[in-house]
Q: 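Could you have a look at this structure, given as structure tokens, before my questions?
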Amino acid sequence: MKNVRKQELLEKWKKVATKAVTDDLFKEKLVKDPIGKMAEFDLTLPEEIEVLTGHANTITLVEPKDATENLKSEIKWWRVRLDVIQEFGQDERGGNAAVAGPAGDEDEDV
């Protein structure tokens, strides 16, 4: 993923993550509809990505067979954020999952 795109995504993600850790109602809505709530912050998946929703609101992103390296990198970025949101949900259900801070920069390569 190009550095400019990565920075754009990270800036928007910081706003989502900050709101999630400071607003319990937003966090609950984010866990229930992560892609929809992230879209409210202008974070949208590329059209080429197929989204499958499974048990317990798990989301699987399916990359196209002809995906470019940039697209694969962006899919990886999205998977990390969706995993963090799932951890928010575990936290809401009484689990003791560690949650990434607002920066979400734990994956410098993505």
Side-chain angles (χ1 to χ4, degrees):
M1 174 173 18
K2 296 188 184 208
N3 202 32
V4 172
R5 176 68 175 152
K6 180 179 175 181
Q7 285 306 113
E8 174 188 330
L9 292 172
L10 285 174
E11 288 304 313
K12 293 173 183 178
W13 169 250
K14 287 177 187 180
K15 293 175 185 175
V16 172
T18 298
K19 186 159 179 78
V21 297
T22 59
D23 181 337
D24 288 336
L25 182 58
F26 174 78
K27 179 168 57 172
E28 183 180 317
K29 290 178 181 179
L30 179 65
V31 169
K32 289 180 181 174
D33 181 17
I35 293 175
K37 293 314 270 182
M38 290 174 75
E40 293 177 12
F41 289 80
D42 199 27
L43 277 167
T44 55
L45 286 162
E47 291 179 13
E48 305 96 319
I49 301 172
E50 182 180 358
V51 178
L52 304 174
T53 305
H55 176 71
N57 201 31
T58 58
I59 296 174
T60 302
L61 303 179
V62 181
E63 66 186 52
K65 292 180 186 190
D66 60 347
T68 64
E69 288 304 313
N70 277 338
L71 182 59
K72 288 177 183 180
S73 181
E74 187 160 342
I75 291 169
K76 183 177 177 184
W77 185 93
W78 274 92
R79 286 178 177 149
V80 169
R81 275 54 189 193
L82 292 171
D83 287 347
V84 168
I85 293 169
Q86 281 290 335
E87 289 180 16
F88 283 154
Q90 290 173 4
D91 188 46
E92 287 297 303
R93 291 185 294 273
N96 56 5
V99 177
D105 290 350
E106 69 283 355
D107 59 330
E108 288 299 316
D109 295 350
V110 179

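The figures here come from the full heavy-atom set of this structure, side chains too, leaving out hydrogens, waters and symmetry mates. This one's a predicted model, so the numbers in the text were calculated from it and none came from an experiment.
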Q: Stepwise, does the side-chain contact (heavy atoms from CB on, under 4.5 Å) test hold for Lys15 with Thr18?
A: CA-CA 5 Å; Lys15 293 175 185 175; Thr18 298; 5.9 Å; no
Q: Output the distance between atom CD1 (Ile75) and atom CG (Asn70), rounded to the nearest 0.5 Å.
A: 11.0 Å
Q: Would you list the pairs meeting salt bridge (Lys or Arg N to Asp or Glu O under 4.0 Å) in which at least one residue belongs to residues 42-54, sequence neighbours left out?
A: Lys12-Asp42
Q: What do the steps show when you test Val51 against Leu61 for side-chain contact (heavy atoms from CB on, under 4.5 Å), and what is the final call?
A: CA-CA 5 Å; Val51 178; Leu61 303 179; 4.0 Å; yes
Q: For Lys32 and Pro34, work out which heavy atoms get closest and say how close.
A: C-CD, 3.7 Å
Q: Atom CE of Met1 and atom CD of Gln7: how far apart are they, to the nearest 0.5 Å?
A: 10.0 Å
Q: Report the C-alpha distance between Ile85 and Met38 in whole Å, list the side-chain angles of each, state the deciding distance to 0.1 Å, and finish with yes or no for side-chain contact (heavy atoms from CB on, under 4.5 Å).
A: CA-CA 10 Å; Ile85 293 169; Met38 290 174 75; 3.6 Å; yes
Q: Whether Lys37 and Asp33 form a salt bridge (side-chain N of Lys/Arg under 4.0 Å from carboxylate O of Asp/Glu) is what I want to check.
A: no
Q: Using 0.5 Å steps for rounding, measure from the CG atom of Leu30 to the CD1 atom of Ile35.
A: 10.5 Å
Q: Please list, chain by chain and in numerical order, all residues satisfying side chain to side chain donor-acceptor pair (under 3.5 Å) with Arg5, sequence neighbours excluded.
A: Glu8, Glu74
Q: Between Ile49 and Val62, is there a side-chain heavy-atom distance shorter than 4.5 Å?
A: no
Q: To the nearest 0.5 Å, what is the distance between CD (Glu87) and CG (Leu82)?
A: 11.5 Å
Q: Could you tell me the separation between the CD1 atom of Ile59 and the CG atom of Leu45, rounded to the nearest 0.5 Å?
A: 8.5 Å
Q: Please tell me if the side chains of Arg81 and Val16 come closer than 4.5 Å, counting only heavy atoms from C-beta onward.
A: no
Q: To check you understand the geometry: which heavy-atom pair defines the closest contact between Trp78 and Pro46, and what is its length?
A: NE1-CD, 4.3 Å
Q: What is the minimum heavy-atom distance between Leu43 and Trp13, and which atoms define it?
A: CD1-N, 3.8 Å
